[in-house]
Structures are given as C-alpha cells and as structure tokens.
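Numbers restart at 1 for each chain; the letters A, B, ... are given by sequence-line order, proteins then strands.
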Amino acid sequence: MYLRWFHKLSSPPYFYRLASILSPWLSGLSIALIAAGTYGGLVLAPPDYLQGDGFRMIYVHVPSAYLGMMAYVVMAMAAAVGFIWRIKLAHAVAVSAAPLGASFTLLGLVTGAIWGKPMWGTFWQWSDARLVFFLMLFFLYMGYLALRGVTEDRDKADRLSAVLAVVGVINIPIIHYSVEWWTTLHQGPTITRLDGPSITMDMLVPLLVMIAGFSFFFVWLLFVRLRGEILVREQKSRWAQELMQRSRV
Amino acid sequence: MTPRRRQRMVLIAMIFSGVAVSAGLALKAFQGNLLFFFSPTQVEAGEAPDSRNFRLGGMVVPGSITRETGSMTVNFVVTDYAHSIPVQYTGVLPDLFGEGQGVVVRGQLSEASNFFAEEVLAKHDENYMPPEVAEALAQSEKAREP
C-alpha cells in the first residue's frame with residue numbers, strides 16, 4: 001500500500017498538482033507561525049538575566065542554523081534516492097533544496113556573527129570548531145551548486161552532485177557534536193539536552209514556534225521551487241505542455 | 001531490487017563509508033588543534049605551548065577582578081576549580097565579562113606563571129532565564145549555604 005502511494009507520489013504530474021494544492025496552506029501556516037513567534041520572541045519573552053535583550057537573536061539564529069542543517073539532510077536523502085532508484089523527482093527535490101539550505105546557513109552565520117560581537121567580543125573565530133564546520137556546510141552547498149553549474153548534461157549533473165551531497169552529510173553530526181567533542185567558544189546545546197532544555201518556558205515556547213514556522217516556510221519554498229523545477233524537467237511531456245498552454249491564456 | 005540498483009546502492013554506501021572513516025581519522029589526528037582553549041589544569045600540567053600564544057579558558061573567580069586606576073588594565077584570576085591562573089589584560093572587555101562568568105583569553109604565560117592576555121572573549125553558557133529566575137536561583141543557593 002505504502003509502496004503504491006510512494007510510486008504515485010514520485011510521478012511528476014501528480015506531485016505537481018499536490019504541491020499546487022498544498023502551497024497556499026503551507027504559506028499561510030508559515031507566515032502565521034513566524035508572525036506569532038516574532039511577537040512572542042520580541043514582546044512576550046522576558047529579557048535574559050545576562051544578555052538582556054541581546055539574547056533575542058536566538059529567535060532567528062537557531063531556526064536558521066537548524067534549517068540550514070535540515071535542508072542538507074533533505075537534499076542528501078533525496079539525492080541518494082535519486083542516485084539509487086533513478087527517480088527524477090528525487091533529483092528535483094535535491095536541486096530545489098540546495099539554494100534554500102544555503103540561504104538559511106548564510107543567515108545563521110550572519111546572525112551568529114552579529115550576536116557574537118557584543119556578547120563574546122568577536123564576530124568570528126577561526127579556531128572554533130562549531131563555527132568552522134558550520135562555514136563548511138555553506139561551502140558544501142556552494143560546491144554542490146557549482147558542480148551542477150559546470151556539468152552541462154542534466155542526468156550527469158544529477159548523478160555527480162548526488163555523490164557530493166551524500167558524502168557531505170558526514171558534516172552534519174560533526175557540526176552537532178562539535179561543541180561536545182572539543183572545547184569551543186560556541187555554547188553547548190540548550191534544547192536537545194538529556195536533562196531537559198536549560199531555558200525557561202516563556203523563552204522556549206516562542207523559539208519552538210519560530211522553528212516550526214521556519215520549517216513550514218522551508219517546505220513552502222521547496223514546493224514553489226519544485227514546481228518550477230518539475231516543469232523545466234518535464235517540458236517535453238504532454239501534461240506539462242498542456243498546462244503551460246492553459247496558463248498562457 | 002534489481003542488480004543494477006543494488007550495485008548503485010553498494011557503490012554510494014562504499015563511497016560514503018570511505019569518506020566517513022577518513023574524516024573520522026583526520027579529526028582524531030587533529031584533535032589537539034580543534035580545541036579552542038586549554039584549561040588551567042592542562043596549563044599547569046605543561047600541555048599548553050610555552051613559546052607561542054595560546055588560549056586559556058575557565059571561570060573568572062568572583063572577587064578577583066581588580067582595575068588599575070588611570071589605565072585600561074584589569075587583573076583577574078581564571079579557574080577550572082582545580083587550578084587557577086592570574087591574568088592581566090589591557091583593553092576593552094566584552095559585555096558578558098564578569099565575576100563567575102566563563103572567559104577565554106588569548107596570550108602568553110610569563111615565567112612567573114602569570115598570563116598576559118592580548119584578547120579577552122566571554123564564553124556564554126547554554127542557560128537562558130529571565131532576571132527574576134536568576135535572582136531566585138541565587139537566593140536559594142545562598143539559603144543552602146550554612
């Protein structure tokens with residue numbers, strides 16, 4: 001049963017329709033959650049005992065960094081499925097996720113630097129494992145996009161870039177555990193701790209809302225990009241031509 | 001699964017594990033270089049380089065901060081609760097610098113085991129709370145002490 005559904009899902013016209021139906025819902029949900037999280041983070045949450053209002057950067061920095069890593073996992077998994085089973089849609093997912101993940105990663109880097117200057121006393125430290133491995137994540141995205149850019153044949157680009165995407169996923173656990181394996185300037189995990197989050201509820205709830213909002217935002221943009229990517233890849237097929245004919249009216 | 005698909009799966013799994021193992025070995029080899037700072041205990045044990053700059057990390061001992069009048073020079077003691085090292089620094093301090101706070105200083109150790117810092121960074125921990133909660137925690141801690 002699941003297999004049949006999976007098969008149906010991997011059919012480009014079916015997925016195109018599904019993405020078209022879900023997109024407005026995803027956009028509404030993500031905008032509502034991000035608005036609520038912003039209000040909660042900037043207005044409702046109390047200032048931190050040490051950092052004062054400066055801590056509020058957490059409400060953008062943590063969701064961005066999280067999505068930067070999650071988008072990579074999505075990209076790598078899609079690329080692996082595409083590589084092994086030669087599913088066209090899977091490669092389209094990987095291609096569509098890459099620029100989104102790169103943007104979230106860049107946002108994480110920039111917000112971290114802006115927070116770091118007043119709090120740590122420095123924008124950037126080349127000796128900090130967390131910082132450097134996270135920068136490497138950005139370079140992996142760039143490498144993936146560059147590799148696709150220089151490979152003319154799309155099928156070949158799909159296969160080559162899939163290998164790079166899958167190999168680069170090793171960086172994700174390294175980023176996550178870097179603050180535990182080595183001494184770093186970057187602090188340890190606040191939410192994913194064995195003995196529960198070390199942040200009070202009134203500060204944590206807006207953060208979780210923000211993370212959910214950013215996640216839906218990512219899926220929404222992924223679907224928007226995917227629809228374009230599917231049409232480009234399927235431009236010679238009948239359903240795509242009919243669809244483009246109709247929308248031209 | 002068709003033989004071709006199995007072949008591709010084995011191929012990508014082998015490439016992945018090959019790179020994973022080499023990454024693991026490389027990180028293990030660079031273990032020492034990946035550490036951002038040394039603790040006072042490591043410095044006492046002679047693990048830190050003595051001829052060039054390195055970073056020392058720990059807590060600022062409460063009550064140890066003294067400022068020299070008429071200059072930007074500040075003295076404080078960094079501890080990991082086992083060993084302590086006195087630090088001298090001249091310059092601007094980050095916002096989070098304070099007594100009982102984490103700190104990472106970069107500089108050199110003198111003959112007399114004094115640390116002369118060129119750069120002071122505040123290390124924030126993973127705790128976030130409103131001021132009232134922090135105050136209540138400090139109060140209950142005080143109540144527990146005899």
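Using a 4.5 Å cut-off between heavy atoms, I191(A) does not touch chain B at all. At a 4.5 Å heavy-atom cutoff, the contact between D202(A) and chain B is made by side-chain atoms alone.
If you check the side chains of R106(B) and Q125(A), you find no donor sitting under 3.5 Å from an acceptor.
Rounded to the nearest 0.5 Å, atoms CG (L11(B)) and CD1 (I84(A)) are 9.5 Å apart. The line from CD1 of I12(B) to CZ of R159(A) is 11.5 Å long, rounded to the nearest 0.5 Å. Note that CG of D128(A) is 8.5 Å distant from CZ of R55(B), once rounded to the nearest 0.5 Å. Rounding to the nearest 0.5 angstrom, the gap separating the CD1 atom in I170(A) from the OG atom in S22(B) is 7.0 Å.
Inter-residue side-chain proximity for M129(B) and T200(A) is flagged as met; some heavy-atom pair is nearer than 4.5 Å. Using a 4.5 Å heavy-atom threshold, the side chains of I199(A) and N127(B) count as separate. Put simply, the side chain of M203(A) reaches to within 4.5 Å of the side chain of P130(B), judged on heavy atoms. At least one side-chain heavy atom of Q31(B) sits less than 4.5 Å from a side-chain heavy atom of W182(A).
Taking chain B as the reference chain and counting heavy-atom pairs below 4.5 Å, the highest number among T190(A), I174(A), V167(A) is found for T190(A).
No donor-acceptor distance shorter than 3.5 angstrom exists from the side chain of T183(A) to the backbone of L35(B), with no hydrogens or angles considered. Side-chain N or O atoms of D95(B) include none that pairs as donor or acceptor with a backbone N or O of M119(A) at under 3.5 Å. Judged by distance alone, the side chain of R8(B) and the main-chain N or O of W85(A) form no donor-acceptor pair under 3.5 Å.
Ring geometry for Y128(B) versus F55(A): interplanar angle of 30 to 60°, hence tilted.
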